[in-house]
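Shown next, in structure tokens, is the structure this report addresses.
Because the structure is predicted, anything quoted here is derived from the model rather than measured.
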Number of protein chains: 2
Amino acid sequence: MKPVSNATKDTQKRILDIAEQLLLTRGFNAFSYQHISSALGVRNAAVHYHFPRKTDLGVALVQRYRRRFARFIEAHASLGPLQQLEGYFELTDAYFHQDEQICPSGILTTEYHTLPEEIQLEAGAFITEMRDWAKTIARRGRDEGGMSYPGSPEAMGEVMFAALQGGLQLARIDAGILDTIKQQIRDLLKVEKS
Amino acid sequence: MKPVSNATKDTQKRILDIAEQLLLTRGFNAFSYQHISSALGVRNAAVHYHFPRKTDLGVALVQRYRRRFARFIEAHASLGPLQQLEGYFELTDAYFHQDEQICPSGILTTEYHTLPEEIQLEAGAFITEMRDWAKTIARRGRDEGGMSYPGSPEAMGEVMFAALQGGLQLARIDAGILDTIKQQIRDLLKVEKS
DNA sequence: GACACCTTACTAACCAGTAAGTAAAGTGAT
DNA sequence: ATCACTTTACTTACTGGTTAGTAAGGTGTC
């Protein structure tokens, strides 16, 4: 993970793109450097040149998620909570429609006990950021927008996040489940269909 | 998986117990026959004697879950829906308190694309049975018991199941999340704290 | 000529799975 | 009741494949 040139940056990005796809479809333990190198058309050691240990690749992957998610939040910051909720739903749909990917949080927590500590730490921070966003939507929805629900915004945010994380996984068994859960969350928040 | 004697039955059971623990803490791809044999104090091939392929072990594991869950449902069949809900919550808590295990459905769906087809089929049936139970609680809760919520019982059941599946996974990052989610589900169902 | 970016070639560990052998327990005929 | 035979539940010893990771060398570019 040393280099600076443009060629390297491009290769690094392509490695991360392939690894991300593999992570969200197969999990961290179920993909290897061979999967990446053959998809990229290079030799095994070339991947190790850019990411010496698999742990480095995993950390880089989660860090990129965190940067991307921060941009996503910023891009949706000026919207109302109802639109933010729909943006969240669209993100969820996008995962599923791309080869039945699941939420990165779902992979990282499920494989948590088998992951290197460096990845665990990065994953914990990432997941906290995502949960916080769900809570923010619930809070703003009650304070400013047209949401009405029992319990605290924090608790409602946790349920929304957990239900969508679980829903993305269950959608692999029954594709319809995701739409059902999205609509039920709208109903629980007393939000009109959009 | 051929034998019938008592000694074999006992060894088989112990293999399944160890494998179950490993499955729910590490996942199917992250445990090996070595883990089992060393925990059991026998050689590798002894495990292969009872379960020739890892696929056989996986199928046996899910089938045992299905039998156990069927008994669980039957044991709770005569109870009211509010008590059934609390029984479901206790089951969830039991998983978490045993080495931060997660819901088998969470493992099986997350690793779904890497599992042998025989396990996928068994997993699909098992997960359908669990989802159906959650829906039954929601339906009976509305029809007979003291539950009140927007949307259909089916949709509410899916959200409950998905939220608890996700919640068990997220509890590895933040142990408090599980209690928060359980209470919020009670609130969403307009159930009094028990 | 130094450095970035790769390749070839390798290691040691681990994986699922198998073949052959063995001790002990059970079974059946006499 | 004993002997012959079979079966059960393993063991030792192995195979072929995959894993992450490394060391050394080559090639093109600045």
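Here D:dG26 presents its P atom at 17 Å from CZ of A:Arg43, a figure rounded to the nearest Å. Summarising the geometry, the separation between CG on B:Asn44 and P on D:dC14 is reported as 15 Å, rounded to the nearest angstrom. Between the CZ atom of B:Arg14 and the C1' atom of D:dC10 there is a distance of 13 Å, given to the nearest Å. The distance from atom NE2 of B:His48 to atom C1' of D:dC14 is 13 Å, rounded to the nearest whole Å.
Counting all heavy atoms, side chain and backbone alike, B:Ser105 lies closest to B:Gln165 at OG-OE1, 2.6 Å.
Side chains of A:Thr114 and A:Asn29: a donor on one and an acceptor on the other come within 3.5 Å. There is a side-chain donor-acceptor pair under 3.5 Å between B:Gln169 and A:Gln169.
Judged by a 6.0 Å distance limit and a 45° cone about the ring axis, A:Lys182 is not positioned over the six-membered ring of A:Tyr88.
Here the nucleotide nearest the side chain of B:Ala45, chosen from D:dT22, C:dC6, D:dT12, is D:dT12. Side-chain atoms of A:Tyr49 lie closest to C:dA4 of the nucleotides C:dA4, D:dT12, D:dC10. Distance from the side chain of A:Ala46 is smallest to C:dT7 among C:dT18, D:dC10, C:dT7.
Dense packing is recorded around CZ of B:Arg64, with more than 12 heavy atoms of other residues, nucleotides or ligands lying under 6.0 Å away.
Side-chain N/O atoms of B:His50 include one lying less than 4.0 angstrom from OP1 or OP2 on D:dC10.
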Filtered N/O pairs between nucleotides 11-15 of chain C and protein, under 3.5 Å:
{"unit_1": "C:dC15", "atom_1": "OP1", "unit_2": "B:Ser32", "atom_2": "OG", "d": "3.2"}

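Not counting sequence neighbours, B:Tyr149 has no partner by the ring-ring contact (aromatic ring centres under 6.0 Å, His included) test.
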